[in-house]
Each structure stands twice: as C-alpha cells, then as structure tokens.
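All values below come from the heavy atoms of this structure, side chains included, with hydrogens, waters and symmetry mates left out. All ligand and atom numbering here is 1-based and tracks the order in the structure.
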Amino acid sequence: MRKKIVAGNWKMNTTLQEGVALANDLKNALAGKKVNCDVVVCTPFISVAAVADAVKGSVIGVGAEDCSANDKGAFTGEVSASMVASTGAKYVILGHSERRQYHGENNALLIKKLQLALANGLTPIFCVGEMKEERESDTFKSVIEGQMAALYTLSADDFAKCVIAYEPVWAIGTGLTATSEQAQEVHAFIRASIAAKYNKQVAENTSILYGGSCKGSNAPELFAQPDIDGGLIGGAALKADTFMPIIEAFK
Ligand code: PGA
C-alpha cells in the first residue's frame, strides 16, 4: 500500500530561530493526536539539523529542499546529499519548479542528484509540473512525461524509493489551485506512465503528492481523489495552524 504523505516546503522563508520555533509548534500541535499520514517538513539547509533535533521522537520527518549534484569536494556553497543525511534528515525535494526556473535545473543534473540522494539513503520528493502556457496549449502531459524521464533512468527498486509531487507551476503560490479533477487527471496519467515504464505494482505503490496553493479548505477534496496521496505544501506549511488542517484532511 502506498503511503499518504503531507510534506511542508518552507522555501526561503525561515531563519534558524523561526524554523526551530515552527518545528516545535508543529510538534506540539501533533502531540497526542492520531495522524493518518506521514508528516514531513523540508527546511532551508541552515535549519535542517536543528529541526531534525527539535522533532526527534515525534512523528515528523525532516528533509532538505535540494542537494548538490556532486558528491564531495571543491564546490563552494553547495550541500551534498551525505551532508543532508548526516543531520538525521530522511527526505530531499528535487526538481522543484523554482529550482528548474531560477537555477536552470534539467534532467541531466537531476539524475545526478537523484542518484546521490538515493545512495545516501534519502527519499527524493521529485517535483514535476507544467507552466501556465503548457497547460493552455494542452502540451502538459508531454512536459510531465519529459520530466519523469529523469526518474525513469532509475531501476525499479530505486524508483520505488521515490515520492513524486505534481505541482502545476501556475498554481504555486498563486492561490490558483488545480481543481481536484484537473489534479486527479494528471496523477492518473503519471501513475499510468509509471505502470507502462515499470509495472502496475510499482505504479500502485508510488505516492504521488499534489502541490500548488493546497490549504486546509481544499485539501480534503484533493486528497479524496483516488490517485492523490497527499500534498507538498508551501505557504500553508509556514504556520502550524494552517499546516495542521491539511494533515487532518486524512481522517
Ligand atoms: P504553495 O507552494 O503551497 O505555496 O503553492 C507549493 C510548493 O511550491 O511546493
């Protein structure tokens, strides 16, 4: 059975102190609650270690928002997958649209990052999603298939260790959520594509999260779709008060 997951993506919004405070708020809000999904927070590099420490013993898993495409060495300013793993973090977001857009990340680079993340025991949360023009010109399925090609270089065993996040770029931080029908259509398309590449069992076991202006008010309807297994949450993950209702959408 595939996992249900609600993951936060804090982006570049929290100082070290703010991040630790947010992690503690979330930990307190979750204490004693029955949670029906995995809960993850992906934080800026600066706070991954402190957040991992703060949430120790809770249900919260921790991740980074990126990692280097290189293993080690003279890469000033980079943070490697092994460094991320050394904090106790278990996840890493890869291929977020903001990295693709502002840092020119492409499949060749993302394949290296995927391999290093997996080699270091991290679960990649691999993002795919079309731009507004690609949605409007109805080319989004081929765009997503093209992005999935990076994952398809992996063996079935390695692919099975990855989580996918479908994030239509036009819905990220815009308040424009994909309708649950639009999201379900793409999630089903991705799952069928995985079945064609590997097999039906691999496809059925893959968690595919939705991201893009997901919040407490729309999460229940989105998560009720048969192929939507949770969410990757930006803005609404920045406060325990707004993140909790999304987690609680899994009744
Ligand atoms: P958003 O961001 O929830 O603020 O739209 C989602 C994401 O980019 O992961």
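In this structure, the side chain of Arg191 engages the main chain of Asp227 through a donor-acceptor pair within 3.5 Å. Counting only distance, with no hydrogens or angles, the side chain of Asn120 and the backbone of Leu122 share no donor-acceptor pair below 3.5 Å.
Applying the salt bridge (Lys or Arg N to Asp or Glu O under 4.0 Å) test to pairs two or more places apart or on separate chains, those with a residue in residues 106-127 are Asp66-Lys113, Glu105-Lys113. Applying the ring pair (Phe, Tyr, Trp, His ring centres under 6.0 Å) definition to pairs two or more places apart or across chains, those involving residues 217-251 are Phe223-Phe250.
Note: Tyr210 and His187 have tilted aromatic rings, judged against thresholds of 30 and 60 degrees for the angle between ring planes.
Legend: residues meeting salt bridge (Lys or Arg N to Asp or Glu O under 4.0 Å) with Lys72, ordered by chain and number and at least two apart, are absent.
Near ligand 1, Asn9, Lys11, His96, Glu167, Ala171, Ile172, Gly173, Gly212, Ser213, Leu232, Ile233, Gly234, Gly235 each place a heavy atom less than 4.0 angstrom from the ligand.
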